[in-house]
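Remember, predicted model here, so these are calculated numbers, not experimental data. One-based numbering along the sequence shown. Order of listing sets the numbers, starting from 1, for every ligand and every atom in it.
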Amino acid sequence: MAKDPVRVLVTGAAGQIGYALVPMIARGAMLGPDQPVIIHMLDIEPAAEALKGVKMELIDAAFPLLKGVVATTDVVEACKGVDIAVMVGGFRRKEGMERKDVMSKNVSIYKAQASALEQHAAPDCKVLVVANPANTNALILKEFAPSIPEKNITCLTRLDHNRALGQISEKLSVHVSDVKNVIIWGNHSSTQYPDVNHATVNTGNALKPVRELVGDDHWLNADFITTVQQRGAAIIKARKLSSALSAASSACDHVRDWVLGTPKGTWVSMGVYSDGSYGIPPGIIYSFPVTCEKEEWSIVQGLKIDEFSRKKMDATAKELVEEKSLAYSCLN
Ligand SMILES: NC(=O)c1ccc[n+]([C@@H]2O[C@H](COP(=O)([O-])OP(=O)(O)OC[C@H]3O[C@@H](n4cnc5c(N)ncnc54)[C@H](O)[C@@H]3O)[C@@H](O)[C@H]2O)c1
Ligand SMILES: O=C(O)C[C@H](O)C(=O)O
């Protein structure tokens with residue numbers, strides 16, 4: 001029997017990530033090849049014509065899974081009955097701007113959209129915040145939508161996770177799908193800590209530690225970390241635009257694994273509300289290693305944390321605590 005369609009909201013749908021993301025959703029990359037979808041697209045008035053154009057293209061592409069398109073500048077209409085909300089809309093960082101510069105513009109958007117989601121989305125709506133500052137926007141959304149379960153509000157660090165997999169795969173000349181269990185701890189910013197201490201490579205007959213195969217702790221503790229931390233800025237420098245296709249693809253990975261589950265023995269990184277695991281202060285949205293089953297994520301417990309990692313995990317937590325107070329000061 002055919003499944004009922006799932007309603008997926010994409011905010012900022014006329015923007016560049018939105019343009020890459022909606023066809024991926026319509027092709028089944030987010031929810032699977034047998035899951036029909038109705039895509040809700042929200043943007044603001046100045047982008048209304050462009051949004052209309054995206055809707056026309058979605059229709060023209062004749063996607064078999066696409067059962068309807070809502071394209072609107074009305075946040076209430078956009079949020080009505082949505083099961084999944086991918087929050088991409090916001091003010092984008094331009095070359096030379098610090099993430100903090102975009103903070104005040106974005107947190108007020110997220111405060112307003114929190115109420116719309118709370119009142120009009122499906123009761124169990126899952127939310128993924130992509131727009132920067134992603135962790136803090138997600139936190140603001142959580143705080144101003146108290147009736148949405150906190151487990152349903154997450155932010156995107158899967159792009160950083162995938163970037164880390166990509167760097168290891170390039171370094172070792174192995175296929176990226178043979179590398180697993182890297183971790184992104186903390187903020188989707190240049191303080192994030194990409195950790196390979198528990199990562200492995202499938203060599204065909206064994207799972208070998210990445211650290212052993214790379215055999216270059218200096219590279220792993222320095223260049224590898226900064227390359228992943230700075231990858232977003234490097235792409236802005238090269239494209240004069242921030243990453244879009246990789247962000248859209250990683251957003252699909254995030255939601256797919258959340259809804260359909262992570263493969264056995266594999267974890268992924270997600271920005272989630274801290275419960276105090278690994279000594280990270282509660283009250284912030286922090287990226288942890290998680291496994292997903294039955295549409296719920298759980299933080300992987302019991303990983304050994306060395307002194308080097310501890311410092312980096314605490315530094316990125318500290319930045320998030322500071323961002324939180326900055327966000328509140330912008331809202332006052
Ligand atoms: N978390 C991540 O890994 C990651 C990766 C890449 C980009 N980003 C962030 O994602 C966001 C979007 O990036 P982009 O390149 O698509 O930007 P973009 O500027 O091309 O698109 C943003 C869209 O949001 C719309 N918008 C602005 N205010 C809105 C509002 N109140 N409601 C709905 N829509 C609104 C704009 O009109 C625009 O169409 C940026 O904040 C960017 O920094 C995050
Ligand atoms: O938009 C940005 O600031 C960069 C983006 O978050 C990225 O990681 O590519």
Requested in this report: Please confirm whether A244 comes under 4.0 Å of ligand 1, counting heavy atoms of the residue only.
Outcome: no
Requested in this report: Just let me know how A131 lines up against ligand 1, side chain, backbone, both or neither, with a heavy-atom cut-off below 4.0 Å.
Outcome: both
Report task. Show which atoms of ligand 2 fall inside a sub-4.0 Å distance from at least one heavy-atom site of R163. Result -> 7 (C), 8 (O), 9 (O)
Query - Side chain T203, main chain A206, donor-acceptor under 3.5 Å - result: yes
Query raised in the report: Judging by distance only, is a nitrogen or oxygen of A134 under 3.5 angstrom from one on ligand 1?
Result: no
Requested in this report: Would you check whether D43 has a nitrogen or oxygen atom less than 3.5 angstrom from a nitrogen or oxygen atom of ligand 1?
Outcome: yes
Requested in this report: Please confirm whether F288 and W297 have ring centers closer than 6.0 angstrom.
Outcome: no
**Report entry** K111 with E143: basic N within carboxylate O range, under 4.0 Å
**Finding:** no
Report task. Out of L21, L42, V88, N135, indicate the one that has the non-hydrogen atom closest to atom 12 (C) of ligand 1. Result -> V88
Report task. Mind checking the CD-OG1 spacing from Q113 to T11? Nearest 0.5 Å is all I need. Result -> 5.5 Å
Query raised in the report: Does Q113 have a heavy atom less than 4.0 Å from any atom of ligand 1?
Result: yes
Report summary line: Judged by heavy atoms only, the candidate from T11, L159, N137 nearest atom 5 (C) of ligand 1 is L159
Requested in this report: Using a 4.0 Å heavy-atom threshold (strictly under), name the region of Q229 that reaches ligand 2: side chain, backbone, both or neither.
Outcome: neither
Report task. Decide whether the shortest distance between a heavy atom of N132 and an atom of ligand 2 is less than 4.0 Å. Result -> yes
Report task. Would you mind running through ligand 2 and noting each atom that sits below 4.0 Å from a heavy atom of S243? Result -> 7 (C), 9 (O)
Query raised in the report: Does an N or O from I44, backbone or side chain, lie closer than 3.5 Å to an N or O of ligand 1?
Result: no
Report summary line: Atoms of ligand 1 under 4.0 Å from any heavy atom of F91, numbered from 1 in the order shown, are 41 (O)
Report task. Identify which of M41, H188, R163 has a heavy atom lying nearest to atom 2 (C) of ligand 1. Result -> H188
Query raised in the report: Residues two or more places apart in sequence or in another chain: which of them pass salt bridge (Lys or Arg N to Asp or Glu O under 4.0 Å) with K52?
Result: E49
**Report entry** Plane angle bin for Y193 and F308 - parallel if under 30°, tilted between 30 and 60°, otherwise perpendicular
**Finding:** perpendicular
Requested in this report: Going by heavy-atom distance to atom 43 (O) of ligand 1, choose the closest among V129, N132, I109.
Outcome: N132
Query raised in the report: So I280 and D275, side-chain contact (heavy atoms from CB on, under 4.5 Å) or not? Walk me through it.
Result: CA-CA 8 Å; I280 300 305; D275 62 355; over 6 Å; no
Query raised in the report: Do any nitrogen or oxygen atoms of H188 come within less than 3.5 Å of a nitrogen or oxygen of ligand 2?
Result: yes
Query raised in the report: Within the distance-only criterion (no hydrogens, no angle test), does the side chain of K180 pair as donor or acceptor with the backbone N or O of S177 below 3.5 angstrom?
Result: no
Requested in this report: In plain terms, say whether D160 and R163 are close enough for a salt bridge, that is, a side-chain N and a carboxylate O under 4.0 Å apart.
Outcome: yes
**Report entry** Heteroatom distance test (Q16, ligand 1): nitrogen or oxygen, under 3.5 angstrom
**Finding:** yes
Query raised in the report: With a 4.0 Å cut-off, would you call R211 and D217 a salt bridge?
Result: yes
Requested in this report: Could you list which atoms of ligand 1 come closer than 4.0 Å to a heavy atom of A247?
Outcome: 5 (C), 6 (C)
Query raised in the report: Is any side-chain N of the basic residue among D257 and R158 closer than 4.0 Å to the acidic one's carboxylate O?
Result: yes
Query raised in the report: Among T154, V290, D253, which one satisfies side-chain contact (heavy atoms from CB on, under 4.5 Å) with W258?
Result: T154
Report summary line: Atoms of ligand 1 under 4.0 Å from any heavy atom of S243, numbered from 1 in the order shown, are 6 (C)
Query raised in the report: Residues in side-chain hydrogen bond (donor to acceptor under 3.5 Å, both in side chains) with E293, at least two apart?
Result: none
Report task. Give the numbers and elements of all ligand 1 atoms closer than 4.0 Å to a heavy atom of G89. Result -> 24 (O), 34 (N), 35 (C)
Query - Proximity winner for atom 7 (C) of ligand 1, if only heavy atoms of V10, V75, I17 are counted - result: I17
Query raised in the report: Does a salt bridge link R310 with D306, judged by any charged N lying under 4.0 Å from a carboxylate O?
Result: no
Query raised in the report: Considering only heavy atoms of A14, which atoms of ligand 1 have at least one such atom less than 4.0 Å away?
Result: 39 (O)
**Report entry** Contact atoms of ligand 2, heavy-atom distance to G232 under 4.0 Å
**Finding:** 7 (C), 8 (O), 9 (O)
